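Have a look at the structure below, then the notes.
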Amino acid sequence: MAHSSHQVPADAAARRAVRPVICYPNSTLPVPDLALYRAAREGATKTGEVLAAARDAACFEVPAGHFFRITSVEGPQVGDLNLWNRDDLSERFYSGKTRALHGTHITTGERMWTSFPAMRPMATIIEDSLAWYGMDEFGGSVHDVIGTRCDPYTGNLLAGSQYHHCCHSNLTRALADHLGISLAEAEPHVHDVLNVFMCTGFTRDTGQYFMKQSPVRPGDYLEFFAEISLLGALSACPGGDCSSEHSSDTAACYPLLVETFAPSEAALEAWQSPQLNGYDQSHGR
């Protein structure tokens, strides 16, 4: 972080010592009924699966009230996840607001939230096999909502490269193929991701985004309840476990499996998909 040559004020220490205040106390957020979701998941039937190949992406669809599970297979691998309202792509995952509500990383009982003006829960994490990791001594944790996705534009800016199998491009190709639209039509819908299994944080001295070797192992999984009908796209990151770099043809990379499950009809009788956000959108006029 750059510092100017301005003189340090006499009360600098006192200013720094002011205690922080949580911006969005989340005690009033609607609490997901994990017991209900888990009971419904117990009797659920598998309805399908897709495999996101190494350095590539795949799309999947999940009806509201169904479940999906992302599993590391064959070797340690992180993935970049985009989610949209299946019936309206303008309503999509909002990583910044999810981060503001839950923190830099999300786990069991926390939710992925949609963009304005809908701003409602779209998916709830019901199981996380890496929940044991917590926060490490470096300030690192897993499943972050701080990284944006590796992309060819930043690579070109920093290194003059033309790399096409970064997560942004993988997601763009997968969405275009799934919807039968052009790359140019698909790309604007690709958005900031949930970095599934990725271990990240911010350095304390410079505030820079860091990654480190993911603790994920084959068989580890993250499982979600679909609060609304979803279209998803998952990229198996070209960084593999992100132990050294994140846009590479040399890193060891492995597939990621997405499975979908349908509960029995009676399992969620009392459940309703979240309504659109209640703000009246008058904006003071």
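This is a predicted model, so every value here is computed, not measured.
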- Item | Stepwise side-chain contact (heavy atoms from CB on, under 4.5 Å) test for Thr260 and His66 | CA-CA 7 Å; Thr260 54; His66 288 211; over 6 Å; no
- Task: Verify side-chain contact (heavy atoms from CB on, under 4.5 Å) between Arg120 and Asn85, making sure each step is shown before the conclusion.
- Result: CA-CA 11 Å; Arg120 56 178 170 170; Asn85 177 336; 3.6 Å; yes
- Message: Using the rule given for side-chain contact (heavy atoms from CB on, under 4.5 Å), can you reason through Leu194 versus Phe224, listing the C-alpha separation, both sets of side-chain angles and the distance that settles it, and then say yes or no?
- Response: CA-CA 12 Å; Leu194 170 62; Phe224 303 81; 3.9 Å; yes
- Task: Apply side-chain hydrogen bond (donor to acceptor under 3.5 Å, both in side chains) to the pair Asp128 and Thr108, showing each step before the final yes or no.
- Result: CA-CA 6 Å; Asp128 175 8; Thr108 308; 4.8 Å; no
- Task: Apply side-chain contact (heavy atoms from CB on, under 4.5 Å) to the pair Thr200 and Ile146, showing each step before the final yes or no.
- Result: CA-CA 8 Å; Thr200 59; Ile146 49 180; 3.9 Å; yes
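In this structure, CG in Asp56 is found 12.5 Å from SG in Cys237, a value given to the nearest 0.5 Å. Interatomic distance, CG of Leu29 versus CH2 of Trp113, reported as 5.0 Å (0.5 Å rounding). A distance of 8.5 Å separates CG in Leu256 from OG in Ser235, rounded to the nearest 0.5 Å. Note that the NE2 atom of His105 and the OG atom of Ser141 stand 5.0 Å from one another [nearest 0.5 Å]. The OG atom of Ser264 lies 8.5 Å from the CD atom of Glu269; values are rounded to the nearest 0.5 Å. Summarising the geometry, atom CD belonging to Glu91 is positioned 13.0 Å from atom CZ belonging to Arg86; distances are rounded to the nearest 0.5 Å.
In plain terms, the two heavy atoms of Ser214 and Arg217 that are nearest each other are O-NH1, 3.4 Å.
Between the side chain of Thr71 and the backbone N or O of Tyr221, no donor-acceptor pair lies under 3.5 Å. Here the side chain of Asp177 pairs no donor or acceptor atom with the backbone of Ala174 at under 3.5 angstrom. Judged by distance alone, with hydrogens and angles left aside, the side-chain atoms of His143 form a donor-acceptor pair with the main-chain N or O of Phe197 at under 3.5 Å. Under the 3.5 Å distance criterion, the side-chain polar atoms of Ser229 are matched with a main-chain donor or acceptor of Ala64. A donor-acceptor pair under 3.5 Å is formed between the side chain of Asn82 and the backbone N or O of His191. Of the possible donor and acceptor atoms, none in the side chain of Thr114 sits under 3.5 Å from a partner among the backbone N and O of Arg92. Side chain of Arg99 to backbone of Val145: a donor-acceptor contact under 3.5 angstrom is found. Within the 3.5 Å criterion, the main-chain N or O of Ala184 finds no donor-acceptor partner in the side chain of Glu187.
Residue pairs meeting the salt bridge (Lys or Arg N to Asp or Glu O under 4.0 Å) criterion with at least one member in residues 137-165, sequence neighbours excluded, are Arg149-Asp192.
Here the side chains of Val142 and Pro215 are in contact, with some heavy-atom distance below 4.5 Å. A 4.5 Å side-chain heavy-atom check between Pro238 and Cys150 finds at least one atom pair inside the cut-off. Between Arg111 and Pro30 there is a side-chain heavy-atom pair separated by less than 4.5 Å.
Leu89 shares a hydrophobic cluster with Trp84, Leu175, Leu179, Ile181, Leu231; the chain of contacts runs through ILVMFWY side chains whose heavy atoms sit under 4.5 Å apart. Hydrophobic clustering, defined by side-chain heavy atoms of Ile, Leu, Val, Met, Phe, Trp and Tyr closer than 4.5 Å, groups Leu268 together with Leu34, Leu36, Tyr37, Phe67, Ile126, Phe225, Phe261, Trp271.
Separation of the Phe60 and Phe68 ring centroids falls under the 6.0 Å cut-off.
Within a 6.0 Å sphere centred on OH of Tyr24, other residues, nucleotides and ligands contribute 12 heavy atoms or fewer. The number of heavy-atom neighbours closer than 6.0 Å to CD1 of Ile22, taken from other residues, nucleotides and ligands shown, is 12 or below. Heavy-atom contacts from other residues, nucleotides or ligands closer than 6.0 Å to CZ of Phe138 number 12 or fewer.
Of the residues listed (Arg69, Arg41, Arg38), the one engaging Glu127 in a salt bridge (charged side-chain N to carboxylate O under 4.0 Å, His left out) is Arg38, and it is the only one.
Comment: Glu259 engages Lys46 in a salt bridge, judged by a side-chain N to carboxylate O separation of less than 4.0 angstrom.
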